[in-house]
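So the structure is just underneath, and the comments pick up after that.
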Amino acid sequence: MDLLHSLNPQQRAAVTLPDVPALILAGAGSGKTRVLTTRIAWLLQQGRVGPGGILAVTFTNKAAREMLTRIEAVLPVQTRGMWIGTFHGLCNRLLRAHHREANLPSTFQILDSQDQLSAIKRVIKAANVDEERCPPRDLQFFINGAKESGQRSTDVSGYGHDRRWVELFAAYDAQCQREGSVDFAELLLRSVELLTRNEALRTHYQHRFRHILVDEFQDTNVLQYRWLKMLAGTSGTIFAVGDDDQSIYRFRGANVGNMADFQREYDVTHVIKLEQNYRSHGNILDAANHLIGNNARRMGKNLWTDAGPGEKLRLYEGPSDTFEAAWVVDEVRDRQREGDRLSEIAILYRSNAQSRVFEHALFTAGLAYRVYGGLRFFERAEIKHALAYLRLVANPDDDVSFARVVNFPARGIGARSLEQLQAVAQAAGSSLFAAVASVPGRSAESFAKFASIVHELRAKVDDLSLAELVEEMLKRSGLVQHFQSERDGADRVENLAELVNAAAGFVQEHQDEPADTAAPAVAPASSAQLALQSFLAHASLESGDNQAQSGQDALQLMTVHAAKGLEFDTVFLTGLEEGLFPHENSLSEADGLEEERRLMYVAITRARKRLNLSFAQSRMLHGQTRYNLRSRFVDELPPKLLHVLAARGRAGAFFGGFAGNQGRGSGPETGGRASGGRPTSGREAGWPQGTRAAAGADSWTAESTAMQTDSHVLRIGQGVRHPKFGDGVVVRLQGSGGDARAQINFGAFGVKELLLAVAKLQPIGS
DNA sequence: GGAGACTGCGTTTTT
DNA sequence: CGCAGTCTCC
């Protein structure tokens with residue numbers, strides 16, 4: 001089969017590159033995954049490398065799975081020998097195989113962010129430090145930041161950080177080492193250190209992995225890049241695919257600079273740009289190109305398509321967030337009438353808090369929707385408890401898990417009893433579990449009972465399937481019973497049942513996977529033990545989906561970040577307001593605005609056919625009504641690509657309690673008429689001419705100021721009528737006396753700054 | 001030990 | 001405003 005026949009010239013050039021370092025600048029929708037998978041298939045097909053010589057790394061499990069599936073689809077090849085996975089998944093694999101060299105127990109467990117935070121809290125407590133003075137979250141941030149830039153506590157000490165923090169950092173690492181646990185950043189750092197230190201191992205892997213392929217390279221952090229370099233050495237070939245314009249994760253350590261560094265350090269002469277877009281219509285792409293053109297620091301890329309221009313982008317301005325949501329509901333109903341599926345429609349927003357208004361409107365309208373974000377499956381408390389039992393089964397000396405569930409469900413073992421046990425264990429230098437037999441007093445019996453649960457389960461590991469073991473654990477631990485008797489425990493019981501399915505599914509998916517390369521030196525575990533072990537690692541590395549009803553046809557609600565990599569026929573990009581998008585916090589950060597613009601670029605390029613933009617004059621946020629200006633990003637789009645819908649209902653109308661009735665064309669005509677015969681909804685409008693307030697500090701709250709004019713009091717949020725501009729909302733008040741001025745958002749006329757002494761303003765509404 | 005009041009906080013998030 | 005996390009009282 002010809003792998004290459006349906007590729008465009010640039011894609012083909014990328015796929016068939018010789019064995020040299022290469023950087024592929026892959027624009028949104030340009031077939032990035034296709035190039036990656038075809039490259040792998042091609043390398044194998046050409047006999048340039050065997051499956052064992054391939055290492056492909058992604059950020060998410062989903063991306064890794066997709067890559068694997070697609071390779072298998074194009075080439076009936078043994079995917080077994082390949083290392084395809086996430087950075088963390090592959091590090092786990094490496095460290096499991098060489099746990100002794102990495103100075104880790106074979107049962108080392110992986111801490112997710114929650115686990116890490118509780119571990120840090122314990123460290124702070126043990127050091128007798130006040131949590132007020134050292135917030136655990138800040139310390140967590142500090143530790144992860146350090147590790148992700150490759151630094152240990154000893155490296156960080158000279159840099160003027162609070163000595164206490166550095167000490168706690170060291171204490172935390174010591175505690176992890178003692179307990180045999182490893183956090184996410186540690187997986188990477190440990191791997192890098194292992195390869196740095198151990199030359200034999202390093203050479204082994206450098207010779208093995210002839211081809212290293214990296215997805216979303218712009219999202220790699222400093223440590224991940226070091227990891228790649230360590231594995232590639234001088235003999236391996238890195239094939240990095242990324243898009244600097246879609247770098248939106250700087251806040252979590254991503255370093256776009258890695259792209260330039262890679263180019264320089266590897267003397268990359270093969271930079272291939274994939275600019276043909278197969279996803280969106282022309283107008284959408286033009287808008288995206290135009291917007292991102294405002295960023296100064298770019299590698300440079302211009303998307304194009306041979307699909308037609310398609311529809312214009314539609315822009316709606318509503319008086320409030322409620323109106324915005326109502327408008328979206330209307331539009332969605334239109335789409336439904338056209339026969340579109342709900343799952344092909346996405347509502348995107350900058351921050352999660354914005355989902356509520358939409359959820360409310362959609363719920364009321366009876367439209368099915370699905371919100372992304374929030375608690376994932378393996379992060380739920382009941383699942384965490386169940387996993388703690390399983391950890392004890394795998395390793396009874398796991399004191400953290402022991403402490404977590406020894407009294408959950410309640411068994412009459414209180415804090416005092418546990419302290420007693422801890423004292424005994426400490427004196428004997430043993431684990432809590434091992435100390436159970438010698439604990440004195442009345443609690444001895446309760447402890448023994450708990451220990452026997454673990455003992456019995458352990459005895460069954462080899463006789464039961466993993467799913468059966470999980471089921472047995474749920475019964476014996478009393479977890480199911482506990483949640484069954486709880487008032488709203490139904491969901492939790494359901495989740496626990498789902499854990500049994502997850503175990504069964506895990507076994508099925510991994511049954512033909514061989515145990516890893518390195519020969520286990522000591523006490524070979526049974527295959528059942530290994531299965532349990534890897535299921536536990538899986539649970540830490542794969543947080544799982546977050547909602548059960550993923551099957552049904554439903555609208556997709558998510559943040560712009562969460563939408564990266566996805567595409568939809570119709571996209572509603574909402575809340576396009578200064579302060580929100582771009583987010584106000586970003587304005588004070590270096591490069592913050594450019595990152596927000598990249599985010600906007602990502603958002604725009606999610607749409608295949610229809611892109612709807614919207615913003616609201618007022619919005620409830622943190623319990624206060626805020627009056628925001630239209631986002632500068634809207635102004636950065638070429639007017640000719642936009643179909644501007646005039647606000648339905650007049651700007652100030654909602655102040656009088658007027659709500660609803662904003663259906664297409666059915667709203668009161670005040671909006672159009674009062675604005676001096678300007679076009680109303682439905683017709684094309686020219687670009688609003690308004691003078692924009694200086695961007696940057698343009699969101700205010702209603703409570704700020706009030707200003708006395710000759711005839712009335714003016715305050716922010718006040719609806720006013722102007723003879724020429726129609727109805728608007730006071731957005732800002734400044735100056736005093738004869739110089740008193742007000743900035744007023746007149747909707748279609750934009751924001752005007754008016755001298756109160758001169759302007760003829762009439763309060764309306766309230 | 002657990003339910004209910006109280007406080008404080010409030011981008012973006014994967015592993 | 002809505003929540004998560006903490007505190008307090010039975």
Side-chain angles (χ1 to χ4, degrees), chain A residues 57-64 85-92 110-118 121 131-132 135-137 141 144 147-148 182-189 215-216 219-221 223-224 247-254 321 348-357 359-360 372-376 378-379 381 407-417 482 486-488 537-544 546 558-565 575 579-589 592 595-596 598-600 602-603 619-626 701:
Chain A
V57 62
T58 62
F59 277 88
T60 65
N61 292 296
K62 196 176 154 203
T86 62
F87 279 101
H88 298 87
L90 296 182
C91 285
N92 175 49
I110 300 161
L111 304 181
D112 68 17
S113 315
Q114 283 178 43
D115 302 334
Q116 184 189 31
L117 189 63
S118 24
K121 283 180 181 165
E131 279 203 5
E132 303 278 288
R137 290 206 162 276
F141 185 78
N144 289 338
K147 288 189 180 181
E148 278 163 14
V182 164
D183 61 53
F184 286 136
E186 183 74 24
L187 282 169
L188 262 298
L189 187 51
D215 190 18
E216 307 273 22
D219 287 340
T220 51
N221 63 35
L223 185 56
Q224 286 159 336
S247 160
I248 56 173
Y249 284 114
R250 209 180 41 136
F251 69 91
R252 68 174 195 210
D321 47 354
L348 307 184
Y349 34 78
R350 176 66 178 80
S351 64
N352 284 305
Q354 289 163 251
S355 76
R356 182 166 299 123
V357 187
E359 289 186 65
H360 180 76
Y372 287 76
L375 259 201
R376 322 293 263 318
F378 286 111
E379 292 166 358
N407 196 37
F408 192 92
R411 298 186 177 87
I413 298 174
R416 246 175 312 133
S417 305
H482 173 260
E486 214 174 47
R487 281 180 320 292
D488 8 74
H538 165 82
S540 306
L541 289 171
E542 160 111 58
S543 44
N546 46 20
M558 65 191 87
T559 63
V560 178
H561 281 95
K564 184 163 168 233
L580 229 85
F581 198 179
H583 196 276
E584 51 201 353
N585 295 359
S586 73
L587 300 176
S588 53
E589 292 161 17
E595 176 131 329
E596 294 287 304
R598 291 193 288 270
L599 196 52
M600 178 77 178
V602 167
R619 154 177 324 268
M620 193 65 150
L621 200 67
H622 306 329
Q624 281 181 330
T625 308
R626 290 178 32 143
T701 59

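Throughout, protein chains are lettered first and strands after them, A, B, ... in sequence-line order, and every chain is numbered starting at 1.
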Self-check item: Nearest-Å distance once atom C1' is located in both dT11(B) and dT6(C)
Solution: 25 Å

Quiz item: Who passes side chain to side chain contact (heavy atoms under 4.5 Å, CB included) against Glu379(A), sequence neighbours left out?
Solution: Gln114(A), Leu375(A), Arg376(A), Ser543(A)

Practice problem: Sugar-phosphate means primed atoms, P, OP1 and OP2; the rest is base. With that split, encode nucleotides 10-15 of chain B 5' to 3' as B, S or - using protein heavy atoms under 4.0 Å. | Solution: BBBBBB

Quiz prompt | Main-chain N/O of Pro136(A) paired to Glu131(A) side chain as donor or acceptor, under 3.5 Å | solution = no

Practice problem: Just jot down the side chain to side chain contact (heavy atoms under 4.5 Å, CB included) partners of Leu621(A), sequence neighbours excluded, or say none. | Solution: Leu580(A), Arg626(A)

What's touching nucleotides 2-5 of chain B from the protein side, N or O pairs under 3.5 Å?
none

Self-check item: Partners passing ring-ring contact (aromatic ring centres under 6.0 Å, His included) against Phe59(A) (at least two apart in sequence or in another chain)
Solution: Phe87(A)

Exercise. Mind checking ring-ring contact (aromatic ring centres under 6.0 Å, His included) for His482(A) and listing every partner two or more places apart, or none if nothing turns up?
Key: Phe408(A)

Practice problem: For Phe141(A), check ring-ring contact (aromatic ring centres under 6.0 Å, His included) against everything at least two apart and list the hits. | Solution: none

Practice problem: Looking at every strand, decide which applies to Asn407(A) at a 4.0 Å heavy-atom threshold: base, sugar-phosphate, or nothing. | Solution: sugar-phosphate

Practice problem: Indicate syn or anti for dT11(B), taking the glycosidic torsion and treating anything within 90° of 0 as syn. | Solution: syn

Quiz item: Looking for any heavy atom pair under 4.0 Å, which part of the strands does Ile413(A) touch: base, sugar-phosphate only, or nothing?
Solution: sugar-phosphate

Exercise. Under the side chain to side chain donor-acceptor pair (under 3.5 Å) rule, collect the residues that match up with Thr559(A), sequence neighbours excluded.
Key: none

Practice problem: Supply the atom-to-atom distance Thr86(A) OG1 to Gln224(A) CD, rounded to the nearest 0.5 angstrom. | Solution: 9.5 Å

Exercise. Output all residues satisfying side chain to side chain donor-acceptor pair (under 3.5 Å) with Thr220(A), sequence neighbours left out; order by chain, then residue number.
Key: Asn258(A)

Practice problem: List in chain and number order the residues that pass side chain to side chain contact (heavy atoms under 4.5 Å, CB included) with Ala185(A), two or more places apart in sequence or in another chain; answer none if no residue qualifies. | Solution: Asn144(A), Lys147(A), Glu148(A), Asp183(A)

Quiz item: Considering residues at least two apart in sequence or located in another chain, which fulfil the ring-ring contact (aromatic ring centres under 6.0 Å, His included) criterion with Phe184(A)?
Solution: His88(A)

Quiz item: On a whole-Å scale, what distance lies between the P atoms belonging to dA4(C) and dT13(B)?
Solution: 15 Å

Self-check item: Protein-to-nucleotide contact annotation, 5' to 3' order, nucleotides 3-10 of chain C [B base; S sugar-phosphate only; - none; under 4.0 Å, heavy atom]
Solution: S-------

Quiz item: Just how far, in rounded Å, is C1' of dC9(B) from CG of Leu621(A)?
Solution: 12 Å

